[in-house]
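Following: one structure in structure tokens, then a few remarks.
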Protein chains: 2
Amino acid sequence: MTIFLDDHLSIDWTTVRVDDQKLILTRKEFELLAMLSQNEGETMPRTVLLETVWGYRSGTRTRTLDVHIRRLRRKLGQFGEDYIQTIFGVGYRFVRLRPARPLQLSSPAAFAIGA
Amino acid sequence: MTIFLDDHLSIDWTTVRVDDQKLILTRKEFELLAMLSQNEGETMPRTVLLETVWGYRSGTRTRTLDVHIRRLRRKLGQFGEDYIQTIFGVGYRFVRLRPARPLQLSSPAAFAIGA
DNA sequence: TCCAGGTTGTAAAAATCTTGTAAAAGCCGT
DNA sequence: ACGGCTTTTACAAGATTTTTACAACCTGGA
């Protein structure tokens, strides 16, 4: 199973590719990132994430979501905070930073620039 | 039936060749290696391996998969752990360590370098 | 603006879960 | 019954997940 997020990010099971760099996620990190990225652009309330990824009913007092978000952001590197935004008082939102498909620079002229 | 994994590994029924050395697998070891190598590069979940190779329904508590993985790795020798990777919390993945076909250096010029 | 109260970020410890391994036990065909 | 293969057992070793405790942050109302 491969999920393509944008031309700089794809996921194959727990192996994620970011800008030609591979990184390994744990299972929960993967499930959380999958849930967020499959709803790209939408704000996912904490209650929903805790319900779907953890099976927690609302009212459960826990910090585990925050901790996982932190580890995901760190693994995503420099742009971690940009990929996963905090919506204060509600939840989190995953956004694409670049177009879903790479720009095609097929013309030889592209390589001639500056030559 | 012969399966070529890479230029250092091939399988012919229960006989496996690794770096010009032949080794004998038992039936279960063969079935497991076949299942993994036929899905080279993909993560095979434990549940899938237990279902296809053993016919176990998910929920069965057993360590037999781990034991077989261990014996396979040991028989594959030095690079056993590289050929069969553990995807923690999910399953295992077989990967090629070298190109599927050896590089052809047929030109005499290739041997002339440095001569 | 500033404060209070709730919310999120974070590091590190604790708890839980998964996998590795050796050795014993079980099974099956001869 | 014997020998080889497979499975279970019982821990050891390792990795992940959750909790804890506190710092930092945001927001609305005085």
Side-chain angles (χ1 to χ4, degrees), chain A residues 13-16 23-36 43-94, chain B residues 13-16 23-36 43-94:
Chain A
W13 258 119
T14 58
T15 304
V16 175
L23 47 107
I24 304 300
L25 301 184
T26 67
R27 203 173 13 167
K28 269 280 166 9
E29 286 165 1
F30 170 76
E31 287 172 19
L32 178 55
L33 181 56
M35 182 58 63
L36 287 168
T43 299
M44 301 297 283
R46 299 173 64 90
T47 51
V48 171
L49 293 171
L50 285 168
E51 168 80 39
T52 56
V53 177
W54 279 269
Y56 287 3
R57 288 230 142 281
S58 67
T60 313
R61 192 183 60 79
T62 180
R63 294 236 117 291
T64 196
L65 171 57
D66 309 77
V67 173
H68 276 86
I69 289 287
R70 162 158 168 67
R71 287 202 284 246
L72 263 182
R73 281 172 168 165
R74 189 153 58 176
K75 285 191 179 178
L76 288 173
Q78 183 177 9
F79 303 109
E81 307 247 323
D82 302 309
Y83 273 121
I84 301 176
Q85 305 176 342
T86 301
I87 311 303
F88 195 94
V90 184
Y92 296 95
R93 175 168 55 195
F94 181 92
Chain B
W13 195 218
T14 60
T15 304
V16 173
L23 45 105
I24 306 299
L25 300 184
T26 68
R27 191 206 315 228
K28 269 281 177 341
E29 285 165 1
F30 172 77
E31 287 174 18
L32 178 54
L33 181 56
M35 183 58 65
L36 287 168
T43 300
M44 301 296 283
R46 298 174 65 91
T47 51
V48 171
L49 294 171
L50 284 168
E51 169 80 40
T52 56
V53 178
W54 278 270
Y56 287 4
R57 287 230 141 280
S58 68
T60 314
R61 194 184 61 78
T62 180
R63 296 234 119 292
T64 196
L65 170 57
D66 308 77
V67 173
H68 277 85
I69 289 286
R70 164 161 166 65
R71 288 201 284 247
L72 265 181
R73 280 173 169 164
R74 191 153 54 176
K75 285 192 179 177
L76 288 173
Q78 182 178 10
F79 301 109
E81 306 245 325
D82 302 308
Y83 274 121
I84 302 178
Q85 304 177 341
T86 301
I87 309 304
F88 197 97
V90 183
Y92 296 94
R93 175 168 54 195
F94 181 91

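Just so it is clear: chains get the letters A, B, ... in the order the sequence lines come, proteins before strands, and each one is counted from 1. Scope of the values below: all heavy atoms of this structure, side chains included, with no hydrogens, waters or symmetry mates.
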Taking the side chain as C-beta and beyond, is there a heavy-atom pair between [X] and [Y] under 4.5 Å?
| X | Y | result |
| --- | --- | --- |
| Arg61(A) | Tyr56(A) | no |
| Thr86(A) | Ile69(A) | no |
| Leu65(B) | Val53(B) | no |
| Tyr92(A) | Leu36(A) | yes |
| Arg93(B) | Tyr83(B) | no |
| Leu72(A) | Ile84(A) | yes |
| Phe94(A) | Leu33(A) | yes |

>> I'd like to know if the side chain of Thr47(B) pairs up with that of Arg57(B) as donor and acceptor (distance under 3.5 Å, no hydrogens or angles considered).
In response: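 No, Arg57(B) and Thr47(B) have no side-chain donor paired with an acceptor closer than 3.5 Å.
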Where each residue is assigned the nucleotide of DNA chain C containing its nearest heavy atom, which of Glu81(A) and Gly89(B) is assigned the position nearer the 5′ end?
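Result: Glu81(A).
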Hey, which sits more toward the 5' end of DNA chain C by its nearest nucleotide, Gly91(B) or Val67(B)?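 Mapping each residue to its closest nucleotide by heavy atoms, the 5'-most match is Gly91(B).
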Counting any heavy atom closer than 4.0 Å, what does [X] reach on the DNA or RNA strands: base, sugar-phosphate only, or nothing?
| X | answer |
| --- | --- |
| Val53(B) | nothing |
| Arg71(A) | base |
| Thr86(A) | sugar-phosphate |

Interatomic distance where [atom1] belongs to [X] and [atom2] belongs to [N] [whole Å]:
| X | N | atom1 | atom2 | answer |
| --- | --- | --- | --- | --- |
| Asp66(B) | dT18(C) | CG | P | 12 Å |
| Arg61(A) | dT8(C) | CZ | P | 14 Å |
| Phe88(B) | dC17(C) | CZ | P | 12 Å |
| Lys28(B) | dC27(C) | NZ | C1' | 12 Å |
| Arg74(A) | dT10(C) | CZ | P | 9 Å |

- Name the residue closer to the 5' end of DNA chain D, choosing between His68(B) and Leu65(A) according to the nucleotide with the nearest heavy atom.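 On the 5' side of the pair lies His68(B).
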| query | Between Thr62(B) and Glu29(A), which is nearer to the 5' end of DNA chain D once each is assigned its nearest nucleotide? | reply |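 Looking at DNA chain D, the more 5' nearest nucleotide goes with Thr62(B).
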- Query: Using a heavy-atom cut-off of 4.0 Å to chain B, what are the terminal contacting nucleotides of DNA chain D, in 5' to 3' order?
  - Reply: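 The protein-touched segment is dC5(D) to dT16(D).
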Give a yes/no answer on whether the side chain of Tyr92(A) brings an N or O atom under 4.0 Å of OP1 or OP2 in dT7(C).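 Answer no for this pair, as no side-chain N or O of Tyr92(A) is under 4.0 Å from OP1 or OP2.
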- Query: Given dG20(C), is OP1 or OP2 found less than 4.0 Å from the side-chain N or O atoms of Arg73(B)?
  - Reply: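 Result: yes.
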So which protein nitrogen or oxygen atoms get under 3.5 Å of nucleotides 28-30 of chain C's nitrogens or oxygens?
none

Please tabulate, for the side chains in residues 23-31 of chain A, all donor-acceptor contacts under 3.5 angstrom to protein atoms that are two or more places apart in sequence or on a different chain.
{"unit_1": "Thr26(A)", "atom_1": "OG1", "unit_2": "Glu29(A)", "atom_2": "N", "d": "3.4"}
{"unit_1": "Thr26(A)", "atom_1": "OG1", "unit_2": "Glu29(A)", "atom_2": "OE1", "d": "3.4"}
{"unit_1": "Arg27(A)", "atom_1": "NH1", "unit_2": "Gly89(B)", "atom_2": "O", "d": "3.4"}
{"unit_1": "Glu29(A)", "atom_1": "OE1", "unit_2": "Thr26(A)", "atom_2": "N", "d": "2.9"}
{"unit_1": "Glu29(A)", "atom_1": "OE1", "unit_2": "Lys75(A)", "atom_2": "NZ", "d": "2.9"}

